[in-house]
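Bear in mind the structure is a predicted one, so any value in this text is a computation, not a measurement. Order of the sequence lines sets the chain letters (A, B, ...), proteins ahead of strands, with each chain counted from 1.
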Protein chains: 2
Amino acid sequence: MLSEICLPLGMARHDVAKLDELIKERIRIPKGSALFHLGDKAEAVFGIRSGSLKTQLEDAGGQVQITGFLLPGEIIGMDGLLENRQVSHAIALEDSEVCVIRIDEMDQLSQHIPVLHQQLRRLMSKEINRSHQLVMSLGSLRSEQRLAAFLINLSQRLATLGYSSSEFVLRMSREEIGNYLGLTLETVSRLFSRFAREGVLHIQQRQVHIVDMPTLRTLAGTDCG
Amino acid sequence: MLSEICLPLGMARHDVAKLDELIKERIRIPKGSALFHLGDKAEAVFGIRSGSLKTQLEDAGGQVQITGFLLPGEIIGMDGLLENRQVSHAIALEDSEVCVIRIDEMDQLSQHIPVLHQQLRRLMSKEINRSHQLVMSLGSLRSEQRLAAFLINLSQRLATLGYSSSEFVLRMSREEIGNYLGLTLETVSRLFSRFAREGVLHIQQRQVHIVDMPTLRTLAGTDCG
DNA sequence: CGTCTCCTTGAAGGCGATCAAGTTCAGTGG
DNA sequence: CCACTGAACTTGATCGCCTTCAAGGAGACG
């Protein structure tokens, strides 16, 4: 059960039992505090059990760029495995809980469970793909398309978790959405207002209700030619 | 020697010998042709031995986004490991040669060379970081800063390969640079002209000579506060 | 009830896109 | 050798999207 949240992978059942040993350690992160900071030693990756987090880069000048919003079942911290140093900050958007997957322990365990490496590899590949999708969004979509695509993506991931795909609460601020999408908070706010005015969705603060998903997909501009 | 190009990792010498077995297969890719296309079966990743390639995503509407320019020593195709299907196109910018690293063979070999998994993991983490840097560039830099940062990055990677960091030939067109940086080819051209006018660099077609690296770093806006 | 944070909305301006000619250069064939 | 051709690049003029600046509104919490 834990392992299905932390490494939802499709492994043999008896392997999953061994895996449970690996990921028995958990950490609670209160809203607004950090799971790790840039520069921290990175000896593990973290599977999100509950809540949600953001990861953000910070350059020498203090400029921040959010690179992801992570939901339960997703893995955080894989970008730190290069030099065993975290290169980003991971901050909880709400009270959250993660399980700790120590890399050295995983390496030992995977001598008995060879597929384990494949699974982590797939998760890292997924992270690469996720980031490439964001690049595509930032590089070639206009503001309206970016926000629409963002909402659709969020909707789908929430649906996978068993939540409603049409009604949900944004855990992040307009400013955070804007930063993530390469827009200003004002632009995000205006777009929400416009989408609501056009009857595509209802929005009240952070409560979102997608009314017309087909039109939203059209706005995203990625469902046809 | 081959392995140092294909997996430049810092492994024990006797391990490297075994690794040579793994990566004995090579492929030559003529300029303009593809190493792989979107949808191809992905059973391997590829280490670039010589030349250079670009990777590009393509959405349902045919919209293209270049996600990377790859140089010798770098690995291509790691984004296809999620579903064993390529999710991008890899196209040679010049006549190039890659070595093939079959994933299943690598898994077998790494039972004898445990560090091998770590190395691939580090390379994948590096790819995640690379993509995140691009997100940062697209999300929070202005056109001038993006192109400056792009040139500095290219310069550093060429220096690592033993080439001059101040004089080199761009293997990609203005349009490709623009696509990669989320700009139009006209904007890229104008920026090159402006940089040259301001004495930061000389440019003649694709031949670049960086004259004033400190100023270029200032333009990139990432070297100080 | 005041204060603070987050959000909304308006007005003005700038940066990069778009449209439109020219220019350079490598390759081709007369 | 040189004109022809087409692709890649440069440069200019105009336009529009998004940012910036500014002010006001909505909740949350002491």
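Atom-to-atom, NZ of B:Lys31 to C1' of D:dA8 comes out at 11 Å; the value is rounded to the nearest Å. As a whole-Å value, the separation of A:Leu170 CG from C:dC7 C1' is 13 Å. Separating the CZ atom of A:Phe195 from the P atom of C:dT9 is a distance of 14 Å, rounded to the nearest angstrom. With rounding to whole Å, A:Leu138 atom CG is found 13 Å from D:dC18 atom P. Between B:Gln207 atom CD and C:dT24 atom C1' there is a gap of 16 Å when expressed in whole angstrom units. Atom pair A:Arg174:CZ and D:dG25:C1' shows a separation of 14 Å (rounding to whole Å applied).
Here the side chain of A:Asn179 pairs a donor or acceptor atom with the backbone of A:Val64 at under 3.5 angstrom. Without hydrogens or angle criteria, B:Arg146 side chain to B:Leu141 main chain gives a donor-acceptor distance under 3.5 Å. A donor-acceptor contact shorter than 3.5 Å links the side chain of A:Arg85 to the backbone of A:Gly39. Formation of a donor-acceptor pair under 3.5 Å by the B:Gln156 side chain with backbone atoms of B:Asn153 is not found in this model.
Between A:Arg190 and A:Glu186 there is no salt bridge, since no side-chain N of the basic residue sits under 4.0 Å from a carboxylate O of the acidic one. Between B:Arg157 and B:Glu74 there is a salt bridge, with a side-chain nitrogen of the basic residue lying less than 4.0 Å from a carboxylate oxygen of the acidic one.
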Could you list, one pair per line, each protein nitrogen or oxygen that sits under 3.5 Å from a nitrogen or oxygen of nucleotides 26-30 of chain D, together with the distance?
none

Expected rows: protein N/O vs nucleotides 14-17 of chain C N/O, under 3.5 Å:
unit_1, atom_1, unit_2, atom_2, d
C:dG16, OP1, B:Ser143, N, 2.8
C:dG16, OP1, B:Ser143, OG, 3.0
C:dG16, OP2, B:Ser143, OG, 2.9
C:dG16, O5', B:Ser143, OG, 3.4
C:dA17, OP1, B:Thr184, N, 3.3
C:dA17, OP2, B:Thr184, N, 3.3
C:dA17, OP2, B:Thr184, OG1, 3.0
C:dA17, OP2, B:Thr187, OG1, 2.2

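For the OP1/OP2 pair of C:dT9 and a distance below 4.0 Å, the side-chain nitrogens and oxygens of A:Ser189 include no atom meeting the criterion.
Of the residues B:Glu94, B:Arg171, B:Lys31, the one that meets the side chain to side chain donor-acceptor pair (under 3.5 Å) test with B:Ser52 is B:Glu94. Looking at A:His37, A:Gln63, A:His89, A:Gln65 one by one, the single match for side chain to side chain donor-acceptor pair (under 3.5 Å) with A:Glu58 turns out to be A:His89.
In this model, a donor atom of one side chain and an acceptor atom of the other lie less than 3.5 Å apart for A:Thr187 and A:Thr184.
For B:Leu185, the side-chain atoms get nearest to D:dT10 when compared with the rest of D:dT10, C:dT9, C:dC7.
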